[in-house]
Amino acid sequence: MSTRTTSGLTILLAAVLAFGTSYADGASAQSPTAANALAPANAPSMGPVTAPVTIVEFFDPACESCRAMYPHVKQLLAANPKDVRLVIRYVPFHGAVSKQAINVLEAARQQKRLVPVMDALMQHQPVWASHRGSDPEKVWDFAVQAGLDRKLAQQYIATGAVETLMKREVAAVEAAKIQGTPTFYVNGKQLAELGPEQLEALVNAELSRARKK
């Protein structure tokens, strides 16, 4: 649910730039302290903590470009199951529908159902976050179909834990000057140009660097 489109990489990149995401010329490296701050220990993640390469994605579940990149990110994880890890940083740029999805994803993480629920929400994103009008209630429908226990999820959300997390995430977005989603960092280096091939190239470069150590 954004001005971005999934109908081809060229159009997707144009829409990203139109939306205002800023990408540096070349992968810009962060200091070790800044890189660690990008991936806090309790952030949602996929892949082993010991992986030598960490992808950090600033991610809005209602963002069409995030949905377009999601299969490619999963392919990188599947191709490097011991060596690549994904850390997700939530960005609720689309307001209530984004926050609803984040609530559900975090409840799914507590139930160890993050991946299947994420898969379901990305697959059906055009239904619950469409240009014609968002429908946050449908987020629950697809999450339950993917195995989420709604009653337990609502109990967890009611504790305020996700609200606290979102405040931290908003602060992280402001600190990192994130202007659009998805924004990727690989081992602290910001992806200069959004696209599957560019992300794969940066991941492979970091894998090669790690293997030479």
Side-chain angles (χ1 to χ4, degrees), residues 4 12-13 16 19-63 65-94 98 101-102 105-106 108-109 114-115 118-119 121-122 162 164-210:
R4 303 179 184 181
L12 183 151
L13 289 174
V16 168
F19 189 77
T21 302
S22 176
Y23 292 95
D25 294 328
S28 56
Q30 299 282 318
S31 68
T33 301
N36 290 338
L38 286 171
N42 61 343
S45 65
M46 302 177 191
V49 176
T50 56
V53 174
T54 296
I55 302 170
V56 176
E57 179 182 0
F58 283 85
F59 168 87
D60 183 340
C63 160
S65 295
C66 295
R67 178 177 184 258
M69 287 295 293
Y70 183 65
H72 303 290
V73 174
K74 287 198 71 180
Q75 286 174 7
L76 287 171
L77 295 176
N80 305 279
K82 296 181 179 179
D83 296 325
V84 177
R85 175 183 180 228
L86 171 68
V87 173
I88 298 168
R89 305 304 306 270
Y90 296 121
V91 185
F93 276 160
H94 289 91
S98 297
I102 292 168
L105 287 169
E106 278 300 286
R109 180 159 71 113
L114 176 61
V115 173
M118 178 79 81
D119 288 351
L121 294 192
M122 291 299 94
V162 186
T164 298
L165 172 66
M166 276 196 268
K167 288 178 181 178
R168 185 195 74 182
E169 296 296 81
V170 168
V173 167
E174 293 174 353
K177 297 181 172 58
I178 303 300
Q179 298 179 16
T181 53
T183 295
F184 291 96
Y185 289 82
V186 180
N187 283 359
K189 298 176 181 178
Q190 186 175 0
L191 185 66
E193 182 181 0
L194 181 63
E197 293 180 358
Q198 292 87 340
L199 179 60
E200 182 178 6
L202 184 52
V203 168
N204 286 339
E206 289 303 304
L207 284 170
S208 295
R209 191 191 309 272

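Interatomic distance, CZ of F59 versus CD1 of I178, reported as 14.5 Å (0.5 Å rounding). Rounding to the nearest 0.5 Å gives a distance of 13.0 Å between CG of L121 and SG of C66. Interatomic distance, E106 CD to R109 CZ, rounded to the nearest 0.5 Å: 4.0 Å. Note that CD of Q190 and CG of L202 are 10.5 Å apart. Values are rounded to the nearest 0.5 Å.
No side-chain heavy atom of Q198 sits less than 4.5 Å from a side-chain heavy atom of F184. Contact check for R89 versus Y185: no side-chain heavy atoms found under the 4.5 Å cut-off. Two residues are said to be in side-chain contact when any heavy atoms from C-beta on lie closer than 4.5 Å; L38 and V87 fail this criterion. Within the 4.5 Å cutoff, the side chain of L105 has heavy atoms near those of the L114 side chain. Side-chain contact between N204 and L207 is present, with at least one heavy-atom pair separated by less than 4.5 Å. For the pair L199/V186, a side-chain contact is recorded, criterion being any heavy-atom separation below 4.5 Å from C-beta on.
The two residues S98 and P92 make their nearest non-hydrogen contact at CB-CA, 3.7 Å. Across Y90 and E169, no two heavy atoms sit closer than the pair N-OE2, 2.8 Å. Summarising the geometry of V203 relative to L76, their closest heavy-atom pair is CG2-CD1, 4.1 Å, with the distance given to 0.1 Å. Heavy atoms only, all atoms of each residue included: L194 and L191 are closest at CA-CD2, 4.1 Å.
With D60 contributing its side chain and H94 its backbone, the two residues share a donor-acceptor pair below 3.5 Å.
Scanning for side chain to side chain donor-acceptor pair (under 3.5 Å) contacts around R85 gives an empty result, with sequence neighbours left out. When the salt bridge (Lys or Arg N to Asp or Glu O under 4.0 Å) test is applied to E206, the partners found at least two apart in sequence or on another chain are K189, R209.
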Distance-only criterion, 3.5 Å: show the donor-acceptor pairs between side-chain atoms of residues 42-56 and protein atoms not counting sequence neighbours.
{"unit_1": "N42", "atom_1": "OD1", "unit_2": "R168", "atom_2": "NH1", "d": "2.6"}

